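To keep things clear, I will list the structure first and then write my remarks on it.
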2 protein chains.
Amino acid sequence: MAPPLRHPDLRHVTLAQALAALADPVRLDIVRMAAKKDDLPCNAFLQAIPKSTASHHWRVLREAGLIRQEPEGTQKLNRLRRKEFDKRFPGLLDSVLRAKR
Amino acid sequence: MAPPLRHPDLRHVTLAQALAALADPVRLDIVRMAAKKDDLPCNAFLQAIPKSTASHHWRVLREAGLIRQEPEGTQKLNRLRRKEFDKRFPGLLDSVLRAKR
DNA sequence: TCGATTGTTCGAATTTATACGAACAATCGA
DNA sequence: TCGATTGTTCGTATAAATTCGAACAATCGA
């Protein structure tokens, strides 16, 4: 896990990219979980999807500036980049988290 | 233009579907225009995209419950379903329209 | 050092979205 | 009725997203 993780500056994330990252049922579930609980490992879902798929979705969220991944031993702990995302897209995450599916 | 247009009940539109409809630069432009001005015809864009493409994007927005299309002579006039959409997804459209690209 | 744990990367298959020309349909005005 | 206007539908081509197994990499504890 040598290469440093790329956490984009939110200024470089477009609205379309942010919406696309959120426009997936699996990723919505991840975001909802991450909103409830910090420091989720990437395998928080592995009863449902294979790990290569999970890894893909975490990456999409990371590249859209929605989550920050911090290495912690053999895992990576994930947390929403709430403040930064809210500053870039005010109200968006709130409305997504408030919406019923 | 005989077949009646399908305007879904917002209760049947999922969050993922709504987000996917919005997660496209062309459709974001359309939604922004429609938010500024009611009764846009479908060809409001035709300097930029061919009409079959425009028709496609209007349909995606319609099926996501974002716009209502009303036949008016040879054209179809489009308007945002603001109230209904806001009720189903409170704050979502506001945040999208407020965001800079 | 060995094995277990955690997650990434690669490659490929499948699915889905986008784009657009051509033909068609509906309406209106002359 | 004819032609112009407006938009849909169809077919197809291209691009992008999703999925997943297999192999690999990094860390930790025994």
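Just so it is clear, the structure is predicted and the values come from calculations on it, not from any experiment. Every chain is numbered from 1, with letters handed out A, B, ... down the list of sequences.
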Would you please confirm or rule out a distance under 4.0 Å between OP1 or OP2 of [N] and any side-chain N or O of [X]?
{"X": "A:Ser55", "N": "C:dG7", "result": "no"}
{"X": "A:Thr53", "N": "D:dC20", "result": "yes"}
{"X": "A:His57", "N": "D:dA17", "result": "no"}

*Do you know which two heavy atoms are closest between A:Leu46 and A:Cys42, and how far apart they sit?*
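That closest heavy-atom pairing would be CD1-O, 4.1 Å.
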For atom [atom1] of [X] and atom [atom2] of [N], their distance in whole Å:
{"X": "B:Arg59", "N": "C:dT18", "atom1": "CZ", "atom2": "P", "value": "10 Å"}
{"X": "B:Glu70", "N": "C:dT27", "atom1": "CD", "atom2": "C1'", "value": "15 Å"}
{"X": "B:Ile49", "N": "D:dG7", "atom1": "CD1", "atom2": "C1'", "value": "13 Å"}
{"X": "A:Ile67", "N": "C:dG7", "atom1": "CD1", "atom2": "C1'", "value": "13 Å"}
{"X": "A:Glu63", "N": "D:dT18", "atom1": "CD", "atom2": "P", "value": "12 Å"}
{"X": "A:Trp58", "N": "C:dT9", "atom1": "CH2", "atom2": "P", "value": "16 Å"}
{"X": "A:Gln69", "N": "C:dG7", "atom1": "CD", "atom2": "P", "value": "9 Å"}

*Is any side-chain heavy atom of A:Leu22 closer than 4.5 Å to a side-chain heavy atom of A:Leu66?*
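Heavy-atom side-chain distance check passes, below 4.5 Å.
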*asked:* Is there a side-chain contact between A:Leu92 and B:Leu92 in this structure, where contact means two heavy atoms from C-beta onward sitting under 4.5 Å apart?
replied: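 The answer is yes, as the side chains (C-beta and beyond) meet within the 4.5 Å cut-off.
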*On DNA chain D, nearest-nucleotide positions of A:His56 versus B:Leu77: which is more 5'?*
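With A:His56 and B:Leu77 compared, the 5'-side residue is B:Leu77.
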_Side-chain donor/acceptor of A:Arg101 to backbone N/O of B:Ala16, under 3.5 Å_ =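 Between the backbone of B:Ala16 and the side chain of A:Arg101 there is no qualifying donor-acceptor contact (under 3.5 Å).
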*Which residue pairs satisfy the side-chain hydrogen bond (donor to acceptor under 3.5 Å, both in side chains) criterion with at least one member in residues 15-28 of chain A, sequence neighbours excluded?*
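Every pair satisfying side-chain hydrogen bond (donor to acceptor under 3.5 Å, both in side chains) with a residue in residues 15-28 of chain A: A:Arg27-A:His57.
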I need the [X] [atom1] to [Y] [atom2] distance, nearest 0.5 Å.
{"X": "A:Leu40", "Y": "A:Gln69", "atom1": "CG", "atom2": "CD", "answer": "11.0 Å"}
{"X": "B:Ile67", "Y": "B:Asn78", "atom1": "CD1", "atom2": "CG", "answer": "4.5 Å"}
{"X": "B:Leu28", "Y": "A:Thr14", "atom1": "CG", "atom2": "OG1", "answer": "8.5 Å"}
{"X": "A:Asp94", "Y": "B:Asp94", "atom1": "CG", "atom2": "CG", "answer": "12.5 Å"}

*Transitive ILVMFWY side-chain link B:Leu5 to B:Ile30, under 4.5 Å*: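 No.
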_Same apolar cluster: A:Met33 and B:Leu19, side chain cutoff 4.5 Å_ =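 Hydrophobic grouping puts A:Met33 with B:Leu19.
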*Sequence-distant partners of B:Arg11, salt bridge (Lys or Arg N to Asp or Glu O under 4.0 Å), two or more places apart*: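 Salt bridge (Lys or Arg N to Asp or Glu O under 4.0 Å) check on B:Arg11 returns B:Asp9.
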*Just grab all the salt bridge (Lys or Arg N to Asp or Glu O under 4.0 Å) pairs involving residues 48-62 of chain A, residues at least two apart or on different chains.*
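Listed by first then second residue: A:Arg59-A:Glu63.
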*Scan residues 30-41 of chain A for pairs that pass salt bridge (Lys or Arg N to Asp or Glu O under 4.0 Å), counting only residues two or more places apart or in two chains.*
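Passing the test, one end in residues 30-41 of chain A: A:Asp29-A:Arg32, A:Asp38-A:Arg79, A:Asp39-A:Arg79.
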N/O contacts under 3.5 Å, protein versus nucleotides 11-14 of chain C?
none

*Check each residue of residues 37-47 of chain A for a non-hydrogen atom within less than 4.0 Å of any atom in DNA chain C, then write out the ones that pass by number, or none.*
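Heavy-atom contacts with DNA chain C come from A:Pro41, A:Cys42, A:Asn43.
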*Would you jot down, in residue-number order, the residues of residues 14-36 of chain B having a non-hydrogen atom under 4.0 Å from DNA chain C?*
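Here the set is B:Asp24, B:Arg27.
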*Select one nucleotide: of D:dT8, D:dT19, C:dC20, the one nearest the side-chain heavy atoms of B:Lys76.*
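In terms of side-chain proximity for B:Lys76, the closest of D:dT8, D:dT19, C:dC20 is D:dT8.
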*Among the nucleotides D:dG21, C:dA23, D:dA23, which one has an atom lying closest to any side-chain atom of B:Lys51?*
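The listed nucleotide nearest to B:Lys51's side chain is C:dA23.
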Set out, line by line, the N/O atom pairs under 3.5 Å between protein and nucleotides 10-14 of chain D.
none

*Within residues 60-100 of chain A or reaching into it, pairs that qualify as ring-ring contact (aromatic ring centres under 6.0 Å, His included) - sequence neighbours excluded*: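 Pairs touching residues 60-100 of chain A that pass the test: A:Phe85-A:Phe89.
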*Tell me the ring-ring contact (aromatic ring centres under 6.0 Å, His included) pairs involving residues 12-56 of chain B, sequence neighbours left out?*
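Output for this query is empty, none listed.
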*Go through the structure and list residues passing side-chain contact (heavy atoms from CB on, under 4.5 Å) with B:Arg68, not counting sequence neighbours.*
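B:Arg68 satisfies side-chain contact (heavy atoms from CB on, under 4.5 Å) with B:His7, B:Arg81, B:Glu84 only.
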*What dot-bracket string describes DNA chain C from 5' to 3', counting Watson-Crick and G-U wobble pairs whose defining distances are under 3.5 Å, with [ ] for crossing pairs and | for pairs to another strand?*
||||||||||||||||||||||||||||||
